[in-house]
Protein chains: 2
Amino acid sequence: MAKNKRDIDLDVKKKALEETAARLFMTCGYEATSMSRIAQELGVTPNTLYWYYASKDELLVGVLNRLLSDSLKQLPPIMGSSPKEQISWALQEFEQSRALVNTVHGKLSQSALIRDWHERFHRALESAVVHTLKAKGISTEQARILATVATFLVEGLLAHPHTEKQRDDILEWFGQNALPDPA
Amino acid sequence: MAKNKRDIDLDVKKKALEETAARLFMTCGYEATSMSRIAQELGVTPNTLYWYYASKDELLVGVLNRLLSDSLKQLPPIMGSSPKEQISWALQEFEQSRALVNTVHGKLSQSALIRDWHERFHRALESAVVHTLKAKGISTEQARILATVATFLVEGLLAHPHTEKQRDDILEWFGQNALPDPA
DNA sequence: TTGCATCTTGAATGCCATACAAGATAATTC
DNA sequence: GAATTATCTTGTATGGCATTCAAGATGCAA
């Protein structure tokens, strides 16, 4: 039973691996970052990485989950604000890892692992957004549509370079058309 | 002057190369399709490809331009229909090359060549859409916003698997919110 | 102390995009 | 029509990549 000591070390090590990988993935890009490079940065042999992760894709999933859960920790204070502010927050949060968002989308057709992660992520995201919208008195069906549209707009803004004005205009337009009745 | 014969051969050859590459890129994916594989399919040495294209990315650009100009040939009959039908057509047109759309977005951060092509493409697309919307009496500023939103929705639908109903709902919603006045 | 699970490495494999130099083939010039 | 040149194709090679397998090191349990 008492194999705790080891398990703790494992999490600590994984944390270090994923943080280094995350940094390199975000600055140099996923494809441009080799396993050797990550290992080198950690003062380790490439093979070591393969003891913790079966493949580079699996390491990517580890990185994605870590970044995501780090973002989610900052979520509670935001929950109270307006939808537009919430979208704006999400946008800013993902901006840091814009490259990774594009990487994930680019790998959807090749990697079942990434495809699964992506699908799970969007399911969770949509159900959260829908829940929030329903609390504002929007029908489930309408909420689903709005959630999807909001997601597409965020992803579009992340994928394409844009000015602050463009972003504001789009968010403004969406805010005005998303909640038609209360006017 | 009279070097026509050769020049014609060059275009014919490029056409064959790009068609084969396009087919493989679309069915197996860009990354999963090696230059050797394309050459093999053509009964040629991999090096031959490098006489026509400086790199795999450049071949991709050739493929993209060819697919695009093929699509554009079918454009005139569509120009008269409703905006919703036009978006629907664009969606169907890109559906075939959904994988390539994702590939392009995934490569934006790594390849300047692809980045340039992507930027040019979106500039041309936006100006076309804006032009169409202005003809319907929409202000330039509003038309720009709508064009961008429409683009993001199309790309979102391409990037994520979705049901017919989802697509219809989103296009319907956009159609109703895009032209607010005439009601 | 012996055995076992955990972690790390050395050395190798096969694939990849790509480079360079040398061959083949056809067009142009003399 | 022979020699030269531009066009196209190939043979051969390189360095990097993700990944694998077998063998070493390290610490825990009996």
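First the proteins, then the strands, lettered A, B, ... as listed; each starts at 1. Just so we're clear, the structure is a prediction, and the values are computed from it rather than from any experiment.
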Side chain of [X] only, please: which of [options] is the nearest?
X: B/Pro46; options: C/dC7, C/dT18, D/dT10; answer: C/dT18
X: B/Tyr52; options: D/dT9, C/dT6, D/dT20; answer: D/dT9
X: A/Tyr50; options: D/dT10, C/dC7, D/dT19; answer: D/dT19
X: A/Trp51; options: D/dT9, C/dT8, D/dT10; answer: C/dT8
X: B/Lys56; options: C/dT18, C/dT8, D/dT19; answer: C/dT18

Between protein and nucleotides 12-16 of chain D, what N or O pairs are separated by less than 3.5 Å?
| unit_1 | atom_1 | unit_2 | atom_2 | d |
| --- | --- | --- | --- | --- |
| D/dT12 | O4 | B/Asn47 | ND2 | 3.3 |

Length of the line joining [X]:[atom1] and [N]:[atom2], which is rounded to integer Å:
X: A/Leu49; N: C/dC7; atom1: CG; atom2: P; answer: 14 Å
X: A/Met35; N: C/dC16; atom1: CE; atom2: C1'; answer: 17 Å
X: A/Lys14; N: C/dT6; atom1: NZ; atom2: C1'; answer: 14 Å
X: B/Glu58; N: C/dA17; atom1: CD; atom2: P; answer: 15 Å
X: A/Glu31; N: C/dC15; atom1: CD; atom2: P; answer: 19 Å
X: B/Lys13; N: C/dA26; atom1: NZ; atom2: C1'; answer: 14 Å

Point to revise | Electrostatic pair B/Asp70:B/Lys73 at N-O distance under 4.0 angstrom | key: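 Yes, B/Asp70 and B/Lys73 are salt-bridged.
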
Exercise for review: Sequence neighbours left out, what passes side chain to side chain contact (heavy atoms under 4.5 Å, CB included) with B/Val101? Give chain and number order.
Suggested key: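 If we apply the side chain to side chain contact (heavy atoms under 4.5 Å, CB included) test to B/Val101, skipping adjacent residues, the hits are B/Phe94, B/His105, B/Leu158.
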
Check your understanding: Which parts of residues 103-118 of chain B get close to DNA chain C, meaning a heavy atom less than 4.0 angstrom away?
Key ->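 Nucleic-acid contacts, sorted: none.
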
